[in-house]
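Down below is the structure, laid out as structure tokens.
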Amino acid sequence: MCGRATIIDPEGVEQIAVEFHKKFLPDDWKRPRYNIRPTEELPVLRVVDDALELTLLRWGLIPSWAKEPALKFPTFNARGDTLAEKPTYRGPFKNRRCLVLVDGFYEWPKKPSKDRRPRHIRFRDRRCFALAGLWDRWVDRATGIAVESCTIVTTDANELLASVPHDRMPVILDDAARRIWLDQTSDPARLASLLVPHSADDMEMLIANAEFVNHAIDDPRCVEPIG
DNA sequence: CCAGACGTTGTT
DNA sequence: GTCTGG
DNA sequence: CCAGACGTTGTT
DNA sequence: GTCTGG
């Protein structure tokens with residue numbers, strides 16, 4: 001699973017965008033983020049009308065057919081193995097795939113572990129990376145106001161996450177996989193082949209500070225050594 | 001046909 | 001919107 | 001993901 | 001316990 005994320009170095013987000021010949025980031029997004037939660041915005045790369053764009057989308061996918069934006073079920077993650085079947089995700093899987101750009105995420109030990117301290121998972125070189133994502137657009141019938149939102153695709157945990165212990169992790173896409181995921185013409189079987197756990201070889205994990213992460217405090221204390 | 005659901009993780 | 005269940 | 005609320009009538 | 005909100 002993946003229920004919190006970081007963008008400690010916003011320049012990394014722009015660097016990935018530049019690889020795709022795009023750049024952006026509103027000025028108010030150039031500050032480091034240590035504790036991004038569902039319902040807040042995440043930066044995503046997506047293709048709209050054949051044009052690649054970098055934008056911010058609400059984390060927690062609201063299906064286009066939803067009557068109300070407040071759903072009775074969680075949609076901040078989507079299981080990779082059932083994307084084509086689930087009513088909430090099959091449309092987005094076919095037509096609205098995106099890359100969610102972050103440089104770390106948190107996972108909590110699964111219950112009944114008494115250790116409730118979140119772990120911060122990232123690459124050793126702290127680089128920004130791309131998660132497989134889906135998005136959708138919901139329109140408020142009363143006001144005509146559109147809300148665009150996204151979800152993060154999950155897969156099995158790699159050995160690093162399994163050691164937490166934790167069973168799931170977000171799908172991390174490397175360079176070639178990013179292009180396939182965004183390619184409108186990729187077939188479902190090829191897309192499915194991308195939804196696997198990333199190697200733990202160049203990743204690292206630290207015990208984060210529950211006092212700050214749990215209470216949604218968005219500052220460096222989340223990932224500072226505990227002591 | 002219409003009504004109702006549409007989900008994840010983790011736990012059992 | 002689209003599928004499942006009754 | 002976790003934290004916090006969990007309610008009503010009527011009034012501003 | 002369960003749902004909503006961030």
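Just so you know, these numbers use all the heavy atoms, side chains as well, and skip hydrogens, waters and symmetry mates. Protein chains get the first letters and strands the later ones, always in sequence-line order, with residue 1 at the start of each.
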**OP:** Provide the distance between the two C1' atoms, one in dC2(D) and one in dG10(B), to the nearest whole Å.
**Re:** 15 Å
Original post:
Roughly how far apart, to the nearest Å, are dG7(B) and dT4(E) at atom C1'?
Top reply: 16 Å
Subject >> Interatomic distance, Asp136(A) CG vs dC6(B) C1' [rounded to whole Å] >> reply: 12 Å
Original post:
Taking CD1 from Ile36(A) and C1' from dC2(D), how many angstroms apart are they, rounded to a whole number?
Top reply: 16 Å
**OP:** Spell out, yes or no, whether Val44(A) and Leu195(A) are grouped together once hydrophobic residues are joined by side-chain heavy atoms under 4.5 Å, including indirect joins.
**Re:** yes
Original post:
Between Trp59(A) and Phe76(A), how do the two ring planes meet: parallel, tilted or perpendicular, split at 30° and 60°?
Top reply: perpendicular
Subject >> Near-parallel close stack of Phe76(A) and dC1(D) base (under 5.5 Å, under 30°) >> reply: no
Original post:
Taking Ser113(A) for the side chain and Asp115(A) for the main chain, is one N or O donor matched with an acceptor at less than 3.5 Å?
Top reply: yes
Original post:
Does Arg179(A) make a cation-pi contact with Phe20(A) (under 6.0 Å, within 45 degrees of the axis)?
Top reply: yes
Subject >> Distance, rounded to the nearest Å, where Ile152(A) contributes CD1 and dG7(B) contributes C1' >> reply: 15 Å
**OP:** Measure from the side-chain heavy atoms of Arg4(A) and tell me the nearest of dC6(B), dC1(D), dT8(B).
**Re:** dC1(D)
Original post:
Using a cut-off of less than 4.0 Å, is there contact between a side-chain N or O of Arg79(A) and OP1 or OP2 of dT8(B)?
Top reply: no
Original post:
Taking CZ from Phe73(A) and C1' from dT9(B), how many angstroms apart are they, rounded to a whole number?
Top reply: 16 Å
Subject >> Phosphate contact (dT8(B) OP1 or OP2) by Thr154(A) side-chain N/O below 4.0 Å >> reply: no
Subject >> Whole-Å gap separating P (dT8(B)) and CH2 (Trp108(A)) >> reply: 19 Å
Original post:
To the side chain of His166(A), which of dT8(B), dC2(D), dT9(B) is closest?
Top reply: dT9(B)
Subject >> Stepwise salt bridge (charged side-chain N to carboxylate O under 4.0 Å, His left out) check, Glu204(A) with Arg126(A) >> reply: CA-CA 9 Å; Glu204(A) 66 178 8; Arg126(A) 312 287 176 89; 3.2 Å; yes
Subject >> Partners meeting side chain to side chain contact (heavy atoms under 4.5 Å, CB included) with Ala177(A) (sequence neighbours left out) >> reply: Leu173(A), Leu194(A)
Subject >> Whole angstrom value for the distance that separates P of dG7(B) from CD1 of Ile62(A) >> reply: 15 Å
Original post:
Ion pair present between Lys110(A) and Asp167(A), side-chain N to carboxylate O less than 4.0 angstrom?
Top reply: yes
Subject >> Same-atom distance (P) from dC1(D) to dT12(B), integer angstrom >> reply: 15 Å
**OP:** Heavy atoms of chain A, cut-off under 4.0 Å: which first and last nucleotide of DNA chain C, 5' to 3', fall inside that, if you could look?
**Re:** dG1(C) to dC3(C)
Original post:
Could you write out DNA chain B as a dot-bracket string, with dots for unpaired bases, | for bases paired across to another strand, and Watson-Crick or G-U pairs counted at under 3.5 Å?
Top reply: ||||||......
**OP:** Sticking with atom P, work out how far dG6(E) lies from dG4(B), rounded to a whole angstrom.
**Re:** 30 Å
**OP:** Nearest whole angstrom, please: distance from the P of dC2(D) to the CG of Asn77(A).
**Re:** 12 Å
Subject >> Among dC6(B), dC1(D), dT8(B), the nucleotide that comes nearest once only the side chain of Pro87(A) is considered >> reply: dC6(B)
